[in-house]
Amino acid sequence: MTHTFRFDEHTAVVRTTKGLVQGYAQDDLLIFKGIPYATAKRFHAPQPVEAWKDVFQATSYGYVCPLLNNDRPKGELYVPHRFWPMDEDCMNLNVWTPGCTGEKRPVLVWLHGGGYEAGSSIEHIAYDGANMSRYGNAVVVSINHRLNILGYFDLSDFGEEYANSGNAGGDDIIAALQWVRENIEAFGGDPDNVTVFGQSGGGGKITTLLQSPGADGLFHKGIIMSGVIGPVLADAEGSGRELAEAVMKELGISTVKELEKVDYSLFAKAYKKVRPALEKAGKYVGGRPHPNQYYLGEPCIHGFRRETANIPLLIGSVFGEFTSFSASPFDRDQMTEEAQCAAVAEMVGSREAEELIALFKKAYPERSVVDLLRLDFIFRNPEMDYIARRSRLNRCTWSYMFNMDQPIGGGSTPWHCCDVPYVFRNIDLVEYPHGPQKDPKLSEKIQDQAFESVMAFARTGDPNNSCIPAWPASTEGREATLLLDEQTRVLENYDHALIPAAARIMGPVLARQMRKIRENAQH
């Protein structure tokens with residue numbers, strides 16, 4: 001492919017509701033970066049940006065939200081990152097489009113991971129929207145918004161102006177979707193066909209949007225990747241008064257108005273100092289959505305809103321999630337099955353191992369027994385519950401499991417985030433899919449299956465396509481899961497006995513391991 005580039009006064013210039021923006025042309029796409037969609041004072045709801053007279057140069061990514069902790073680069077072969085300048089003025093978005101013409105293409109809006117405390121629209125290298133836009137003939141948008149104590153810090157007890165400060169980050173996302181509603185047609189997109197998609201915390205933000213009346217009508221479909229996380233990212237319940245007063249005391253100030261103006265680094269330092277004691281006492285510590293009239297709370301606890309009950313959803317996770325990040329102490333290819341069973345028994349006990357192994361072989365007959373020790377249940381358990389409850393309401397909830405081992409470190413069960421490049425059609429941007437494997441074309445095959453399913457869903461609300469077997473929506477009592485792996489197939493309720501048993505038996509073991517890790521880290 002011969003690469004082309006154009007940047008001049010006649011190229012990639014679009015009129016938005018606030019003024020002209022200019023991006024650039026790269027090959028067959030037009031790309032716009034860092035477009036401001038809103039602005040806000042700290043703790044306040046987002047407001048429209050002022051119109052500009054000159055052409056806004058949308059050729060550089062905008063600021064990302066300041067982080068609580070200074071990330072140390074590590075694990076880049078598994079999740080390759082980009083680090084970027086940070087500032088509270090971070091409400092900006094990026095657009096990739098095949099053309100700013102009258103064609104109304106499907107619009108996909110990416111919500112980044114990192115829980116509600118970290119991450120950015122460009123953090124993962126594979127978040128780049130060019131290939132999705134190019135090969136899917138779609139308009140792709142990614143957004144930055146306020147996070148952590150800037151985006152989720154309840155101060156509603158201190159006055160009406162802070163009524164929804166506990167969900168300011170969610171309000172930013174809604175403001176970005178309003179921008180899409182008002183402007184995306186000028187970028188060649190269809191404002192009446194918007195799919196929000198996100199992974200990890202980004203998927204969680206979609207479950208939050210579904211429970212937020214302010215987002216109604218702004219999107220039409222959702223793809224939740226490893227984003228139904230249950231207690232791991234539970235709502236921040238209760239009043240934020242005690243937290244705010246503790247932070248202000250630590251800072252030597254007495255009013256929220258003063259807290260609005262404190263340097264972020266000092267604010268973050270004070271917050272991190274007072275948070276552990278409040279967290280231990282089960283008090284509000286922010287950093288997550290806050291149930292109130294603007295966000296009606298976790299649906300599996302408070303119920304699904306009738307207004308969004310029929311929005312099509314594609315929901316899934318990966319086999320190994322966080323358990324696959326650490327190197328395995330076992331060489332499964334060199335172990336007899338007897339040795340693998342013994343390893344599981346050593347971890348959980350002989351009787352428990354017998355129960356789990358039988359269930360694991362039934363659910364994953366293609367896998368080595370020792371892979372059981374990598375099985376995720378922390379994500380999958382609440383995800384199954386969410387899908388089951390959602391499927392009682394509609395016939396447009398699809399379930400998937402990314403079960404494809406990756407050719408890294410001699411072969412690894414799939415980990416949290418490893419499916420992101422496949423969904424974006426970006427496996428060529430990361431290293432791990434290209435390691436040695438029996439079939440050199442396997443990663444490309446899985447990429448085609450994942451990508452074409454996402455694009456079919458974005459176009460029509462149904463993920464079925466020619467690359468995969470027939471995939472029905474789940475119904476009450478019948479979860480039809482597409483397993484993406486060497487033998488991609490659809491199975492019904494295939495792990496419904498295994499996952500609760502794994503949570504019951506392996507949960508305490510995992511908790512003990514995590515305590516040991518924390519204890520060692522303190523010395």
Side-chain angles (χ1 to χ4, degrees), residues 1 75-80 124-128 130-132 134-136 199 223 225-226 314 316-321 323-325 327-328 330-335 340 360-361 363-372 374-376 380 398-457 463-471 480-491 494-495:
M1 179 178 179
E76 292 295 314
L77 285 178
Y78 289 81
V79 186
H124 194 314
I125 287 173
Y127 290 175
D128 187 283
N131 280 336
M132 176 171 278
R134 173 178 295 114
Y135 295 102
Q199 187 266 348
I223 303 174
M225 303 166 55
S226 302
L314 188 58
S317 52
V318 306
F319 174 88
E321 297 292 356
T323 57
S324 294
F325 275 123
S328 173
F330 307 109
D331 185 347
R332 56 188 175 180
D333 293 334
Q334 300 300 317
M335 295 175 72
Q340 293 185 42
F360 185 74
K361 283 184 173 183
Y364 290 101
E366 77 284 359
R367 284 197 167 276
S368 302
V369 168
V370 78
D371 285 348
L372 171 60
R374 296 289 189 178
L375 175 72
D376 164 70
R380 179 62 178 146
W398 279 268
S399 166
Y400 76 86
M401 171 61 65
F402 190 86
N403 189 43
M404 178 64 194
D405 282 2
Q406 299 300 299
I408 183 173
S412 172
T413 50
W415 57 89
H416 194 64
C417 299
C418 83
D419 53 338
V420 171
Y422 290 83
V423 165
F424 274 89
R425 208 179 188 280
N426 278 340
I427 63 170
D428 285 343
L429 296 186
V430 296
E431 288 82 5
Y432 57 79
H434 304 291
Q437 49 190 330
K438 290 178 288 185
D439 179 1
K441 296 291 186 180
L442 184 57
S443 289
E444 292 181 10
K445 171 191 168 187
I446 299 301
Q447 176 177 251
D448 287 344
Q449 292 176 338
F451 178 74
E452 293 301 333
S453 298
V454 164
M455 294 313 305
F457 184 76
N464 281 281
N465 65 91
S466 62
C467 293
I468 61 171
W471 180 12
T481 303
L482 179 78
L483 278 80
L484 283 159
D485 57 23
E486 292 186 41
Q487 303 297 325
T488 294
R489 60 211 179 277
V490 176
L491 299 176
Y494 81 101
D495 61 348

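The figures here come from the full heavy-atom set of this structure, side chains too, leaving out hydrogens, waters and symmetry mates.
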J.: Passes side chain to side chain contact (heavy atoms under 4.5 Å, CB included), Thr323 versus Leu375? Steps please.
T.: CA-CA 7 Å; Thr323 57; Leu375 175 72; over 6 Å; no

J.: Do you know the tightest heavy-atom contact between Trp415 and Phe325?
T.: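 Looking at all heavy atoms of both residues, the shortest contact is CD1-CE2, 3.5 Å.
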
J.: For Tyr432, enumerate each residue passing the side chain to side chain donor-acceptor pair (under 3.5 Å) test, keeping only those at least two apart in sequence or located in another chain.
T.: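 Checked Tyr432 against side chain to side chain donor-acceptor pair (under 3.5 Å); zero matches.
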
J.: Val454 versus Ile223: any side-chain heavy-atom pair under 4.5 Å?
T.: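 Yes, close enough: below the 4.5 Å cut-off.
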
J.: I need the minimum non-hydrogen distance between Ser368 and Gln340, along with the two atoms involved.
T.: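 For Ser368 and Gln340, the tightest heavy-atom pair comes out as CB-OE1, 3.3 Å.
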
J.: Which pair of heavy atoms, one from Pro436 and one from Pro407, lies closest together, and at what distance?
T.: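 In terms of heavy atoms, the two residues are closest at O-CB, 3.3 Å.
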
J.: Provide the closest heavy-atom pair for Asp376 versus Glu321 in the form atom of the first, atom of the second, distance.
T.: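 The answer is CG-CG, 3.4 Å.
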
J.: Which residues satisfy the salt bridge (Lys or Arg N to Asp or Glu O under 4.0 Å) test with Asp405, sequence neighbours excluded?
T.: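 Scan of Asp405 (salt bridge (Lys or Arg N to Asp or Glu O under 4.0 Å), adjacent residues dropped) gives Arg332, Arg367.
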
J.: Does the side chain of Val423 reach to within under 4.5 Å of the side chain of Phe451, using non-hydrogen atoms?
T.: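 Not touching, per the 4.5 Å side-chain cut-off.
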
J.: Is a donor on one side and an acceptor on the other found under 3.5 Å between the side chain of Gln334 and the backbone of Asp331?
T.: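 Side chain of Gln334 to backbone of Asp331: no pair is present.
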
J.: Can you sort out the partners of Lys445 under salt bridge (Lys or Arg N to Asp or Glu O under 4.0 Å), two or more places apart, ordered by chain and number?
T.: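 By the salt bridge (Lys or Arg N to Asp or Glu O under 4.0 Å) rule, Lys445 matches no residue at all.
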
J.: Please report the interatomic distance CG(Leu429) to CD(Glu431), rounded to the nearest 0.5 Å.
T.: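 The distance works out to 9.5 Å.
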
J.: Under the rule for side chain to side chain contact (heavy atoms under 4.5 Å, CB included), what residues qualify as partners of Pro433, not counting sequence neighbours?
T.: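 Applying side chain to side chain contact (heavy atoms under 4.5 Å, CB included) to Pro433 gives Gln406, Tyr422, Ile427, Val430, Ser443.
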
J.: Out of Tyr400, Phe402, Tyr364, which one pairs with Phe319 under the ring-ring contact (aromatic ring centres under 6.0 Å, His included) rule?
T.: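 Only match with Phe319 under ring-ring contact (aromatic ring centres under 6.0 Å, His included): Tyr364.
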
J.: Could you tell me which non-hydrogen atom of Gln199 sits nearest to which non-hydrogen atom of Ser226, and how far apart they are?
T.: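 Reported closest heavy-atom pair: NE2-CB, 4.2 Å.
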
J.: Quick one, Glu366 with Asn403, criterion side-chain hydrogen bond (donor to acceptor under 3.5 Å, both in side chains). Give me CA distance, side-chain angles, the key distance, then yes/no.
T.: CA-CA 11 Å; Glu366 77 284 359; Asn403 189 43; 3.0 Å; yes

J.: Report yes or no: do Ser399 and Thr481 form a side-chain donor-acceptor pair below 3.5 Å?
T.: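 Indeed, the side chains of Ser399 and Thr481 share at least one donor-acceptor pair under 3.5 Å.
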
J.: Can you list everything that forms a side chain to side chain donor-acceptor pair (under 3.5 Å) with Asn465? Sequence neighbours excluded, please.
T.: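 If we apply the side chain to side chain donor-acceptor pair (under 3.5 Å) test to Asn465, skipping adjacent residues, the hits are Ser453.
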
J.: I'd like to check the salt bridge (Lys or Arg N to Asp or Glu O under 4.0 Å) partners of Arg380; sequence neighbours left out, ordered by chain and number.
T.: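 In terms of salt bridge (Lys or Arg N to Asp or Glu O under 4.0 Å), with neighbours along the sequence ignored, Arg380 is linked to Glu383, Glu479, Asp495.
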
J.: Return the CE to NE2 distance between Met225 and His416, rounded to the nearest 0.5 Å.
T.: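 Between atom CE of Met225 and atom NE2 of His416 there are 9.5 Å.
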
J.: So, using side chain to side chain contact (heavy atoms under 4.5 Å, CB included) as the criterion, who are the partners of Gln487 when residues are at least two apart?
T.: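 Counting only residues at least two positions away or on another chain, Gln487 forms a side chain to side chain contact (heavy atoms under 4.5 Å, CB included) with Asp485, Arg489.
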
J.: Would you name the heavy atoms of Ala480 and Val490 that are closest together and state the gap between them?
T.: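 Nearest heavy atoms, Ala480 then Val490: CB-CG1, 4.1 Å.
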
J.: When you measure from the side chain of Asn426 to the backbone N and O of Pro421, does any donor-acceptor pair fall under 3.5 Å?
T.: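 It does not hold such a pair.
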
J.: Considering residues at least two apart in sequence or located in another chain, which fulfil the side chain to side chain contact (heavy atoms under 4.5 Å, CB included) criterion with Asp439?
T.: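 Partners of Asp439 by the side chain to side chain contact (heavy atoms under 4.5 Å, CB included) criterion, ordered by chain and then number, come out as Lys441, Leu442.
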
J.: Run the side chain to side chain contact (heavy atoms under 4.5 Å, CB included) test on Ile446 and Thr488 for me, step by step, so that the C-alpha distance in whole Å, both residues' side-chain angles and the decisive distance to 0.1 Å come before the verdict.
T.: CA-CA 8 Å; Ile446 299 301; Thr488 294; 4.1 Å; yes

J.: Are any side-chain N or O atoms of Trp398 and backbone N or O atoms of Trp471, one a donor and one an acceptor, separated by less than 3.5 Å?
T.: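 Yes, the answer is positive, given that a donor and an acceptor are paired below the 3.5 Å cut-off.
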
J.: With sequence neighbours left out, write down each residue that passes salt bridge (Lys or Arg N to Asp or Glu O under 4.0 Å) with Glu76, or none if nothing qualifies.
T.: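 Glu76 satisfies salt bridge (Lys or Arg N to Asp or Glu O under 4.0 Å) with no other residue.
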
J.: Might you work through the side chain to side chain contact (heavy atoms under 4.5 Å, CB included) test for Leu483 and Tyr494, ending with a clear yes or no?
T.: CA-CA 10 Å; Leu483 278 80; Tyr494 81 101; 3.8 Å; yes

J.: Does a donor on one side chain and an acceptor on the other come within less than 3.5 Å for Ser324 and Thr413?
T.: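 Side-chain D/A pair, Ser324 to Thr413: present.
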
J.: Can you measure from SG (Cys417) to OH (Tyr78) and round to the nearest 0.5 angstrom?
T.: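 Result: 13.5 Å between the selected atoms.
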
J.: So, using side chain to side chain donor-acceptor pair (under 3.5 Å) as the criterion, who are the partners of Glu452 when residues are at least two apart?
T.: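 Scan of Glu452 (side chain to side chain donor-acceptor pair (under 3.5 Å), adjacent residues dropped) gives none.
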
J.: Under the salt bridge (Lys or Arg N to Asp or Glu O under 4.0 Å) rule, what pairs show up with a residue in residues 408-426, not counting sequence neighbours?
T.: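 Qualifying pairs, neighbours excluded: none.
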
J.: Quick check: do Ser317 and Met401 have side-chain heavy atoms less than 4.5 Å from each other?
T.: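 They are in side-chain contact.
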
J.: Checking Ser412 side chain against Gly409 main chain: does a donor-acceptor pair fall under 3.5 Å?
T.: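 Checked: no pair found.
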
J.: Please identify each residue that fulfils side chain to side chain donor-acceptor pair (under 3.5 Å) with Asp448, with sequence neighbours left out.
T.: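 Expected list: none.
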
